[in-house]
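Accompanying notes for the structure given below.
Fair warning: this is a prediction, and the values are worked out from it, not measured in the lab.
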Amino acid sequence: MSLLIKGITIADASSEFNGKTCDLRVENESIVEIGSGLSAKKSETVFEANGAVLSPGFFDLNCFFGEPGLETKEDIKTGTAAAAAGGFTGVAIMPNTKPVIQSKSEVEYVINKTKGNLVDVHPIGAISQGLEGKELAEMFDMKQAGAVAFAEAGKAIADDGFMSRALQYALGFDGLLFSHPENKSLAGKAHVNESATTILLGMKGIPALAEEMQISRDIFLAQYHNAPIHISNISTSGAVAIIKKAKKDGIKVTCDVAAHQLVFTEDLLNDFDSNYKVKPPLRSKADNKALIAGLKDGTIDAISSQHRPHEIEFKNVEFEIASYGIITLQTVLPLLLQAGLEASLIVDKLAISPRKLLKLQVPEIKVGAKANFTVFNPNKTWEFNSETNQSKSANSPLFNTTLKGKVELVYNNGQYNIY
């Protein structure tokens, strides 16, 4: 299978062609030629870039596929289709399936089920059995079977001693724990950010303190054990400041932010649209700015999708009882462009850093390298609707809108899709 991409701008800081406009040829899963004025071969597919950018394939640190057990929300086929359409050639999926991914058998199921897919799927194992925060799951066995990290899938571990033991145990086999930043005793049963805006709406709020105290606790534990910790989906300016200081102090902490937290704010809740109900909750414009600044100065290591598909009966209900989450895999790029991020920063936080964080091989744009890349046009618009949506679910506030920033081609494992 031979593919020639004409007039593409390379975005890969490690490549000698970074920032240059070139032609690129792929044959037998490898990049075989990069240069100017390459002529098409007989029976070769030719893609005209027309202002598009080519980067290493995007990688998502935090998404949910329902399989096994919750396939009515999303299965592996639709999840990987949505991921590919969003430019992702690799994803790490959360363990809150039925059964929970908590032993090597569930890890092996996911790996075997997704083998040979255009999108590489990496299971994240549970930290505790049943995601209940009481007994440690079989993390070592899962790591040996191919789990790339461990998480409680949007649930915070309240027990300090349990979290301490989990960090200490994972340290013995180079395991990485993902922490959800919410102190449940402070958050209570609230569903939105605590602010003057939400008070006027008559809703109880989750204070920024709930996120920041949980992060501080986990950083203290990581420092005590000299163990790595990853904070998932931070959302407040205070969280950025705490993690920035911890990194300066040499603590092994990393973090990511969901793309929608850079653009959406609590002001969008005025109509009580449950598609804006996410966890952590949408915060203020000041928090948006602090998160973007954290990406630019290196405090925030990566951007994630936090893709959470739901059936209509879980979202088309009153705000208070609606489930948390939105589908996001196909809308990450437009949101990042809307936030004003440059292509080089997007590529670093969405393709390079996530893989480094999980100690996975980072794709390279050079002759002889295995072809694993995404082609996207920052200026092209498209409609996100029932025809273009690849997910099984439709719970997105961006549904039936025009978005700027289109993924046009993805290539990985000897396969490619053109959109």
Side-chain angles (χ1 to χ4, degrees), residues 8-9 11 47-55 57-60 62-64 74 78-89 91 119 233 256-269 271 273-278 282 285 288 291-292 295 302-310 312 315 325-347 349-351 373-410 417-419:
I8 194 76
T9 300
F47 178 85
E48 296 288 349
N50 297 322
V53 175
L54 184 148
S55 77
F58 298 162
F59 188 97
D60 186 31
N62 186 326
C63 68
F64 170 78
E74 194 86 278
T78 57
T80 54
F88 295 94
T89 60
V91 295
V119 178
N233 304 130
D256 68 75
V257 62
H260 54 264
Q261 293 286 2
L262 305 175
V263 177
F264 297 160
T265 67
E266 61 190 357
D267 298 328
L268 295 167
L269 300 174
D271 294 329
D273 183 350
S274 63
N275 283 320
Y276 286 111
K277 185 178 180 180
V278 292
L282 300 179
K285 291 181 181 178
N288 288 163
L291 293 166
I292 292 170
L295 284 166
I303 297 166
S304 66
S305 75
Q306 205 184 16
H307 178 73
R308 297 293 186 270
H310 288 294
I312 189 170
K315 294 297 278 187
I326 56 180
I327 57 168
T328 49
L329 282 168
Q330 289 182 245
T331 58
V332 168
L333 177 65
L335 286 173
L336 299 186
L337 292 168
Q338 186 179 338
L341 304 191
E342 296 181 353
S344 58
L345 185 62
I346 291 173
V347 172
K349 303 299 183 181
L350 207 57
F373 57 76
T374 296
V375 173
F376 63 95
N377 192 319
N379 299 309
K380 185 169 284 189
T381 59
W382 60 287
E383 299 291 326
F384 185 44
N385 53 34
S386 58
E387 293 183 4
T388 56
N389 178 33
Q390 300 296 314
S391 173
K392 189 174 282 189
S393 298
N395 52 301
S396 170
L398 298 176
F399 214 66
N400 294 319
T401 63
T402 300
L403 303 176
K404 185 178 182 181
K406 188 175 191 299
V407 171
E408 297 189 310
L409 187 152
V410 286
N417 288 343
I418 296 175
Y419 300 98

Review point. Could you give the distance from CG (Leu329) to OG (Ser396), rounded to the nearest 0.5 Å?
Key: 11.0 Å
Review point. Among Ile418, Thr374, Val375, which residue meets the side chain to side chain contact (heavy atoms under 4.5 Å, CB included) test with Val410?
Key: Thr374
Revision key, fill the gap. Heavy-atom nearest pair, Ala49 first then Asn377, reads O-ND2, 4.4 Å
Check your understanding: If every non-hydrogen atom of Val407 is compared with every non-hydrogen atom of Ala85, which pair is closest and at what distance?
Key -> CB-O, 3.4 Å
Review point. Just checking, any donor-acceptor pair under 3.5 angstrom between side chains of Thr265 and Asn288?
Key: no
Practice item. For the residue pair Asn233 and Asn62, confirm or rule out a side-chain donor-acceptor distance under 3.5 Å. Key: yes
Review point. Just wondering, do Lys404 and Asn379 contact through their side chains at under 4.5 Å, heavy atoms?
Key: yes
Check your understanding: When the ring centroid of Phe399 is compared with that of Phe384, is the distance short of 6.0 Å?
Key -> yes
Check your understanding: Nearest 0.5 Å, what's the CG-NZ distance between Leu341 and Lys349?
Key -> 10.0 Å
Study note, to complete from the structure: Heavy-atom nearest pair, Leu282 first then Val278, reads CD2-CG2, 3.7 Å
Check your understanding: Where is the tightest heavy-atom contact between Val91 and Cys63, given as atom of each residue plus distance?
Key -> CB-SG, 3.8 Å
Practice item. Could you tell me whether the side chain of Leu295 reaches within less than 4.5 Å of the side chain of Leu262, counting heavy atoms only? Key: yes
Check your understanding: Any side-chain heavy atom of Asp267 sitting closer than 4.5 Å to one from Lys285?
Key -> yes
Check your understanding: Within a strict 4.5 Å, meaning less than it, do heavy atoms of the Leu337 and Phe376 side chains meet?
Key -> no
Point to revise | Closest non-hydrogen atom pair between Pro378 and Gly51, with its separation | key: CD-O, 4.2 Å
Check your understanding: What's the verdict on side-chain contact (heavy atoms from CB on, under 4.5 Å) for Tyr276 and Asp271, showing C-alpha distance, side-chain angles and the deciding distance?
Key -> CA-CA 10 Å; Tyr276 286 111; Asp271 294 329; over 6 Å; no
Check your understanding: Do Val257 and Ile303 have side chains that get closer than 4.5 Å, going by heavy atoms?
Key -> yes
**Study point:** Close side-chain approach of His307 and Phe88, heavy atoms under 4.5 Å
**Key:** no
**Study point:** Considering all heavy atoms, the nearest Ile327-Pro309 contact
**Key:** CG2-CA, 3.6 Å
Review point. Where do Ser391 and Glu74 land on the side chain to side chain donor-acceptor pair (under 3.5 Å) test, with the steps shown first?
Key: CA-CA 7 Å; Ser391 173; Glu74 194 86 278; 2.8 Å; yes
Point to revise | Leu403 and Thr401, any side-chain heavy atoms less than 4.5 Å apart | key: yes
